[in-house]
Structures are given as structure tokens and as C-alpha cells.
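As C-alpha cells, the structure follows; a few thoughts come after it.
Residue numbers start from 1 in every chain, and the chains themselves are labelled A, B, ... in the order their sequence lines are given, proteins ahead of strands.
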Amino acid sequence: MHEGTISVAELPGGFDMQATVESGQTYLWDRADDGMFEDDHAWGSDAWYHTVLPATFTDTDEPQVIRVRLLDDHVEWEASTPEAPAYLTRLLRLDDDLDAIIDDCPDLPLLERAFTEYRGMRLVRDPPFPCLVSFICSAQMRVERIHGMCMRLAQQYGERVTFDGDTYFAFPTPDQLAAATEADLRDLSLGYRAPYVQRTAEMVATGEADPAHARDLDYEAAREYLTQFVGVGDKVADCVLLFSLDFLEAVPLDTWIQTAIEEYYPDCDGDNYADTSRKIRRQFGDRYAGYAQTYVFFYLRTGGE
DNA sequence: CTCGGCCCTGTCCA
DNA sequence: ATGGACAGGGCCG
């Protein structure tokens, strides 16, 4: 077992592990105490979180396990690989200069409140395929249930990994998921998303399309590219662009943000998705609109005014 | 390009 | 008890 610590003081802008991993950006982490996404757990807990990195992410032969917890002034990690700090930096965007990003965002009262409330929350950088599948599952679903679906997919179809005497499951590869049947996936409570997931996995497995390819395109073209996957519309495409592919300007227009736009920024309420998207990006700042959106989304969803 | 009807499923609430 | 609304949408006609 490899282990070590990362000093929070050296992370520009600080770090809030719980807000980062439980804010609905990612469904690929789990909490050792089984309290993930519970409504009434106390914030600021120092629980252990873990995730399994796909072999493709680490460019190694096997999936790698990483466990992390945040103590007062440092991040403590245990992993199956000595490269954990570098992987954590990628996954949790520990190299983003949060202070500079928040500085760069416009001075809007709602933004200020959200930034103040959850200072230290970072965006995530999930591996592309797991991110794509998890957000296909997210349609009309609560966060706890999306998380449950992803955990069941891993347990059912992913590679089993043993680390430090415990068993973990990697998120399934495109090949592994493509081999599932619609009925199998419905048994995991995916509902009408089951055929979407199966067909999308097949598209990736056969090489017909690759979500990572969207990286090479301009933002709007990238969003369009991702909508070719079954079960992926503009909103899910924006989630993948923002939470996996480094498009920090992407603003997923979900019902929460739609409501916020009507209430706080009615001028941004456009004729269609693309139109509203352009307007809200201008309002939130072209470069980091997605960071602003994620803070606002989480702030509103957790009961902020 | 826009629109409405429809889709799985667990939970909450009248 | 039990049905209808609803939950961070997308597909299809």
C-alpha cells in the first residue's frame, strides 16, 4: 500500500472534499461510512472516500484504487499506486487556482453568496466514459439514485480489484457495458435509460464515436458532437464537457438553473437551449461560467436563497 | 426547429 | 392505504 499526504495550504484557494464529491458533479466516488448523498448528514465530515481509476485513465494494466480523506490542514491518501497525488490532482482539479477563478467571475450577489458558502469546492475531472454513462443515468433522477445506479453497474460489470484486504469494483469499460443486455440493465433499476446506456457503450466500444474526441472541438461543436450518443441531449452533453473534458465555460441548463435564470437573470431566458446557454455564459463570465454554475446549483439545491 | 406525449422507478404527500 | 406528483431529460412523431 502506498500512502501520503497533500498540504491543503499549498492548494491555491483551498479544498472542500465533501462539497466537491457530493455536489452532484460526480457519481464515481463512494463514502466508507455509507453516508454518500444522504440528505441530513453533517457537513464538514472527515469521512474516507474512495474511487477506482480505470486502467485507461492511469495508462496501466489494472484499475487503481485511491482512498482519501480531508483532515484540517491536509489531504490524507492511501492507494494501490504511488502516483496517487498526480491522479488526485487530475480527478479533483487540485491545480485549479480557485482564488483566481472566483476573482475572474463577475460580481453578482447570487454568485458571491454561493462562493462564500462553499469556498473550496472544486470542479471534478471524471474519466470520460464513466462520466458519460453516469449522466445518461441522471435523467429525471435524484443524486442518491444516480450514485446507486453507478455503484451497481460497477459491481455487476466492472473489474474486481482487491486493495488492502478490501474489494472494490472499477466502473465497467465500454466493452463490458456493451455486452450487457437492456433487460440486464433494467434489473439494475436503470429504467428507460437501460437501452441508452447499452447503445452508447456499444458506440464507444466499436469506435463509432469517442467522448474524449470532443476535447479537440470548439465548445459548441463539442456539445453537438456528444449529442450523437443515445440518451445524450444538450444538458447531459454540457455535464460531460464540464465535469470531464475541461470545458469550464459549459453551463448545464437543468431545471434548477432554469428556475434561477427566470428568477435572477430573466434577460438570459432565451428562445432555446443554445440561445439561453450563450446568454448565461456571458452573464457568468465566458471563461469560468461552469464553475459559477456549479456553485450556484449546489447553493440553491442545498437550500440557499 | 418546436411541441407534447411518453418513458422507469422510488419517495413523498395528500 | 393508495394514487399522483415529482426527480438536475431525452426520444420520437
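- Rounded to a whole Å, the CD atom of A:Gln140 is 17 Å from the P atom of B:dT11.
- Side-chain rings of A:Tyr118 and A:Tyr295 stay apart, their centers remaining 6.0 Å or farther from each other.
- Atom-to-atom, CD1 of A:Ile257 to P of C:dG9 comes out at 12 Å; the value is rounded to the nearest Å.
- Atom CG of A:Asp95 is surrounded by more than 12 heavy atoms from other residues, nucleotides or ligands within 6.0 Å.
- Remark: the A:Arg193 side chain and the B:dC7 base include no donor-acceptor N/O pair separated by less than 3.5 Å.
- A:Leu71 belongs to no hydrophobic cluster with other residues, because no ILVMFWY side-chain heavy atom falls under 4.5 Å from its own, directly or through intermediates.
- When rounded to the nearest whole Å, the span between CG of A:Leu242 and C1' of C:dG8 equals 13 Å.
- The A:Val236 side chain lies nearest to C:dG10 when the options are C:dG8, C:dG10, B:dC8.
- Distance A:Phe37 CZ to C:dA7 P: 18 Å, rounded to the nearest Å.
- Residues A:Gln18 and A:Leu70 form no side-chain contact, since every pair of their non-hydrogen atoms from C-beta on lies 4.5 Å or further apart.
- With respect to A:Arg93 and A:Asp246, a salt bridge is recorded, a charged nitrogen being found less than 4.0 Å from a carboxylate O.
- Here the separation of B:dC3 from C:dA7, taken at their C1' atoms, is 22 Å to the nearest Å.
- Here the side chains of A:Thr294 and A:Met121 are in contact, with some heavy-atom distance below 4.5 Å.
- Here the side chains of A:Leu132 and A:Thr200 are in contact, with some heavy-atom distance below 4.5 Å.
- At a threshold of 4.0 angstrom between heavy atoms, the contacts of A:Gly233 are confined to the sugar-phosphate backbone, with no base atom among them.
- Listed in residue order, the members of residues 266-275 of chain A having a heavy atom less than 4.0 Å from DNA chain C come to none.
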*asked:* One pair to check against salt bridge (charged side-chain N to carboxylate O under 4.0 Å, His left out): A:Asp30 and A:Arg67. What are the steps and the verdict?
replied: CA-CA 10 Å; A:Asp30 200 7; A:Arg67 293 198 293 238; over 6 Å; no
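- Where A:Cys239 and A:Thr227 each meet DNA chain C at their nearest nucleotide, the meeting point lying more 5' is that of A:Cys239.
- B:dG5 and C:dA5 have their P atoms separated by 13 Å, given to the nearest Å.
- Taking atom P in both B:dC8 and C:dG13, one finds a spacing of 15 Å when rounded to whole Å.
- The residue A:Tyr196 sits close only to the backbone: its heavy atoms come under 4.0 Å of sugar-phosphate atoms, none of a base.
- A:Arg145 places its CZ atom 13 Å from the C1' atom of B:dC12, with the value rounded to the nearest Å.
- Taking the P atom of each, C:dG8 and B:dG4 are spaced 22 Å apart, rounded to whole Å.
- Atom CZ in A:Arg199 sits roughly 12 Å away from atom C1' in C:dG10 (whole-Å rounding).
- Nearest nucleotide to the side chain of A:Met141, out of B:dC8, C:dG9, B:dT11: B:dC8.
- Clustering ILVMFWY residues whenever any of their side-chain heavy atoms sit less than 4.5 angstrom apart, transitively, puts A:Val65 in a cluster other than the one holding A:Tyr27.
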_Strand DNA chain B as a dot-bracket string - pairs counted if Watson-Crick or G-U with both distances under 3.5 Å, | where the partner lies in another strand_ = ..|||||.||||||
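- C:dG10 atom P lies 10 Å from atom CD1 of A:Ile136, rounded to whole Å.
- Atom-to-atom, CZ of A:Phe297 to P of C:dG9 comes out at 9 Å; the value is rounded to the nearest Å.
- At a cut-off of 3.5 angstrom, the base of C:dG9 holds at least one donor-acceptor pair with the side chain of A:Tyr192.
- Hydrophobic clustering places A:Val8 together with A:Leu98 (ILVMFWY residues linked when any side-chain heavy atoms are closer than 4.5 Å, directly or through intermediates).
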